[in-house]
Amino acid sequence: MPELPEVETIVRGLQGPLQGLVIESIELFSTSMLGEVTADDFIAALTDSRIKKIERRGKYILFKLQKGQKSFTLAVHLRMTGNLIYCSKRPMTRPRHTRAVFLFHNESFLFFTDVRKFGSFRILDDNQKTIFLSCLGVEPLSPAFSEQTLQKLIEGKKTSIKAFLLNQKYICGIGNIYADEILYRSSLYPEKPLPKLSKKEIANLWHNIREVLMEGIKAGGTSTRDYRNAAGEKGDYQKHLLVYGKAGQKCRRCCSIIQRIKVAGRGTYYCPGCQPN
DNA sequence: CGGATTTCCTGCATGC
DNA sequence: TGCATGCAGGAAATCC
């Protein structure tokens with residue numbers, strides 16, 4: 001599932017090859033990612049536009065595009081199984097589950113694949129983009145995310161720590177896998193209510209949010225199943241996971257058996273020894 | 001208001 | 001082997 005480290009890895013992989021390219025044509029094999037927008041409108045809007053810049057915000061990939069005098073943004077969300085794969089020339093066969101293909105003027109291709117068809121494409125003008133981004137919380141790896149920022153975000157909320165970490169309007173980019181790893185490293189029980197966190201625990205949590213996400217990026221993301229980078233390669237962080245997907249296995253720290261429960265509607269892995277209720 | 005549940009979707013693991 | 005069933009989950013919509 002592409003979370004912050006995976007999306008960041010994809011964006012870094014696309015920036016070089018796609019910068020400055022002009023979209024010559026688009027082929028759609030599904031329209032589910034377009035929402036209310038029709039295929040014709042989507043294709044018409046993007047064809048002949050130039051990619052000025054690619055950046056990440058939370059789990060969104062933002063393509064800053066220009067067509068004539070008009071500048072706008074394509075916001076792509078990969079949800080669980082979406083991938084963007086760049087090919088410098090036409091491959092022999094399309095990747096499996098290809099939903100859209102972008103052909104550029106230099107004869108290179110960008111494939112959007114998505115097994116479960118949950119991914120979304122949204123075209124935003126500069127005004128809509130501002131509103132859109134204002135709904136997202138703080139970037140956890142930005143200087144704006146200080147220990148005090150986290151302290152203030154937690155203040156006054158009563159929800160569980162895991163639900164808090166997953167809520168994109170507070171901190172953006174953390175998904176199910178990294179949330180579990182962050183909580184394990186912070187020795188926090190996933191259902192622990194925010195008011196019960198001590199200042200020391202919050203300071204430690206802040207440190208671990210940043211550390212785990214940075215490690216994830218360094219390893220090129222987590223490929224538990226579908227995730228691939230822009231070159232179609234797997235990440236390595238699945239080798240470093242300590243609790244996610246490890247139910248029934250021994251905790252590396254205390255040898256307790258890793259448990260799986262449901263928190264905020266998500267499968268949640270934790271160590272009952274290290275993360276006591 | 002806010003937490004819980006449902007919805008979208010397909011592939012894969014499981015069990016009979 | 002084959003089939004039905006359940007599960008995986010990000011975010012929006014809906015429910016309670």
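Naming convention: chains lettered A, B, ... in sequence-line order (proteins, then strands); numbering from 1 in each chain.
- Close placement of the A/Y189 and A/Y270 rings is indicated, their centers lying within 6.0 Å of each other.
- Taking every side-chain heavy atom of A/Y60 into account, C/dA12 is the closest of C/dA12, C/dG9, B/dT10.
- Atom-to-atom, CZ of A/R225 to C1' of B/dG11 comes out at 7 Å; the value is rounded to the nearest Å.
- Using a 4.0 Å cut-off, some side-chain N or O of A/K117 falls inside it from OP1 or OP2 of B/dT10.
- If you check every strand for non-hydrogen atoms under 4.0 Å, A/K59 touches sugar and phosphate atoms only.
- Residue contacts shown for A/M80 include a base, since a base heavy atom lies under 4.0 Å away.
- The distance between atom NZ of A/K262 and atom C1' of C/dC7, rounded to the nearest whole Å, is 8 Å.
- The nucleotide whose nearest atom lies closest to any side-chain atom of A/N176 is, among C/dA11, C/dG10, B/dG11, C/dG10.
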Take A/E181 and A/V243, measure what side-chain contact (heavy atoms from CB on, under 4.5 Å) needs, and give me the verdict at the end. CA-CA 6 Å; A/E181 295 299 316; A/V243 281; 3.4 Å; yes

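- A/Y170 places its OH atom 7 Å from the P atom of B/dG3, with the value rounded to the nearest Å.
- The nearest whole Å value for the distance from the NE2 atom in A/H77 to the P atom in B/dC8 is 19 Å.
- Side-chain atoms of A/E55 do not come within 3.5 Å of backbone N or O of A/K53 as any donor-acceptor pair.
- Distances shown here put every side-chain N or O of A/Y178 at or beyond 4.0 Å from the OP1 or OP2 atom of C/dG10.
- Across the protein-nucleic acid pair, A/I61 atom CD1 and C/dG10 atom C1' stand 14 Å apart, rounded to whole Å.
- The CG atom of A/L136 sits 14 Å away from the C1' atom of C/dA12 (whole-angstrom rounding).
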Between A/L136 and A/R57, is the side-chain contact (heavy atoms from CB on, under 4.5 Å) condition met? List the steps. CA-CA 8 Å; A/L136 284 177; A/R57 192 70 174 76; 3.7 Å; yes

side-chain contact (heavy atoms from CB on, under 4.5 Å) between A/T73 and A/F132: does it pass, once the steps are laid out? CA-CA 11 Å; A/T73 299; A/F132 179 78; over 6 Å; no

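- In terms of phosphate contacts, A/Q168 brings no side-chain nitrogen or oxygen within less than 4.0 Å of OP1 or OP2 of C/dG10.
- In this structure, B/dT7 and C/dA11 make a Watson-Crick or G-U wobble pair, each of the two defining distances being under 3.5 angstrom.
- Whole-Å rounding puts the A/N167 CG to B/dC1 P distance at 16 Å.
- Heavy-atom nearest nucleotides on DNA chain B were determined for A/H97 and for A/T159, and the one closer to the 5' end corresponds to A/T159.
- Put simply, CG on A/N83 is 15 Å from P on C/dG10, counting in whole angstrom units.
- Contact annotation for A/F132: no contact, since no heavy-atom pair falls under 4.0 Å across all strands.
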